[in-house]
Asker: 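Before anything else, here's the structure in question.
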Amino acid sequence: MPGVIRYYGVDYYTVGRLEMMIHFPNGKVICVNCPLCARDGRCPMRTICMATGEVLDSPTLCIGNRCPICFKEEKNGDKVSQADGR
């Protein structure tokens, strides 16, 4: 129809933020112990981080370079460890 303008765009986005606690057993801070670590649906031989989309080269040995998790220092008796895993 002449004179009819159709608009299919987005007027605005509502932004949300997620904060969640992730527990790593016995201080083993590696990707496979994180619930955000998953097999890539397009290539099941790859493991990816669902938070960043990063392809994880060694998810059983370390955490990804773009890991968004902020780690706190933990005290366990007299032992103090910095849980960073990098």
Side-chain angles (χ1 to χ4, degrees):
M1 299 176 134
V4 176
I5 299 173
R6 294 188 182 192
Y7 176 74
Y8 295 104
V10 176
D11 292 328
Y12 66 93
Y13 290 96
T14 300
V15 178
R17 184 179 183 116
L18 170 68
E19 183 176 319
M20 63 188 280
M21 292 181 69
I22 298 175
H23 302 275
F24 292 92
N26 297 321
K28 294 183 194 273
V29 182
I30 54 177
C31 289
V32 294
N33 290 337
C34 177
L36 300 173
C37 180
R39 294 279 181 202
D40 188 344
R42 295 171 294 187
C43 180
M45 297 300 290
R46 290 193 308 193
T47 305
I48 61 169
C49 175
M50 300 301 288
T52 64
E54 177 183 7
V55 175
L56 304 168
D57 295 326
S58 303
T60 59
L61 300 176
C62 60
I63 58 174
N65 292 325
R66 295 176 13 212
C67 181
I69 302 172
C70 297
F71 295 97
K72 294 181 180 178
E73 189 176 281
E74 55 183 43
K75 294 181 182 180
N76 191 4
D78 294 330
K79 183 175 129 183
V80 176
S81 65
Q82 184 68 32
D84 193 359
R86 293 182 208 233

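Treat the numbers as computed from the prediction; the structure is a model and nothing was measured. The chain is numbered in sequence order, starting from 1.
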Asker: When rounded to the nearest 0.5 angstrom, what distance separates CD1 in Ile48 from CZ in Arg42?
Answerer: 6.5 Å
Asker: Do any pairs count as a side chain to side chain donor-acceptor pair (under 3.5 Å) and have a residue in residues 43-53, sequence neighbours left out, and if so which ones?
Answerer: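 Pairs touching residues 43-53 that pass the test: Arg39-Thr47, Asp40-Arg46.
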Asker: Over all heavy atoms of both residues, which pair between Phe24 and Val29 is shortest? Give the atoms and the distance, please.
Answerer: CD2-CA, 3.8 Å
Asker: Would you compute the distance between atom CG of Leu36 and atom CD1 of Ile22 and round it to the nearest 0.5 angstrom?
Answerer: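 It is 4.5 Å, given to the nearest 0.5 Å.
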Asker: For Cys31 and Cys37, work out which heavy atoms get closest and say how close.
Answerer: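 Heavy atoms of Cys31 and Cys37 come nearest at O-CB, 3.0 Å.
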Asker: Tyr12 pairs by side chain to side chain contact (heavy atoms under 4.5 Å, CB included) with which of Val15, Thr14, Val10?
Answerer: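 Exactly one candidate clears the test, Thr14.
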Asker: Could you list who else is in Leu56's hydrophobic cluster, with ILVMFWY side chains joined at under 4.5 Å, directly or through other members?
Answerer: none
Asker: Do Ile69 and Cys34 have side chains that get closer than 4.5 Å, going by heavy atoms?
Answerer: yes
Asker: Could you walk me through whether Cys43 and Val55 pass the side-chain contact (heavy atoms from CB on, under 4.5 Å) test, one step at a time?
Answerer: CA-CA 11 Å; Cys43 180; Val55 175; over 6 Å; no
Asker: Identify the two heavy atoms, one from Cys67 and one from Glu54, that lie closest to each other, and give their separation to 0.1 Å.
Answerer: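 Looking at all heavy atoms of both residues, the closest pair is N-OE1, 4.2 Å.
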Asker: List, by chain and number, the other hydrophobic cluster members for Ile30, where Ile, Leu, Val, Met, Phe, Trp and Tyr join if side-chain heavy atoms come within less than 4.5 Å, directly or indirectly.
Answerer: Val32
Asker: Look at the side-chain heavy atoms of Ile, Leu, Val, Met, Phe, Trp and Tyr, link any pair under 4.5 Å apart, and say whether Leu18 and Met21 land in one connected group.
Answerer: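 No.
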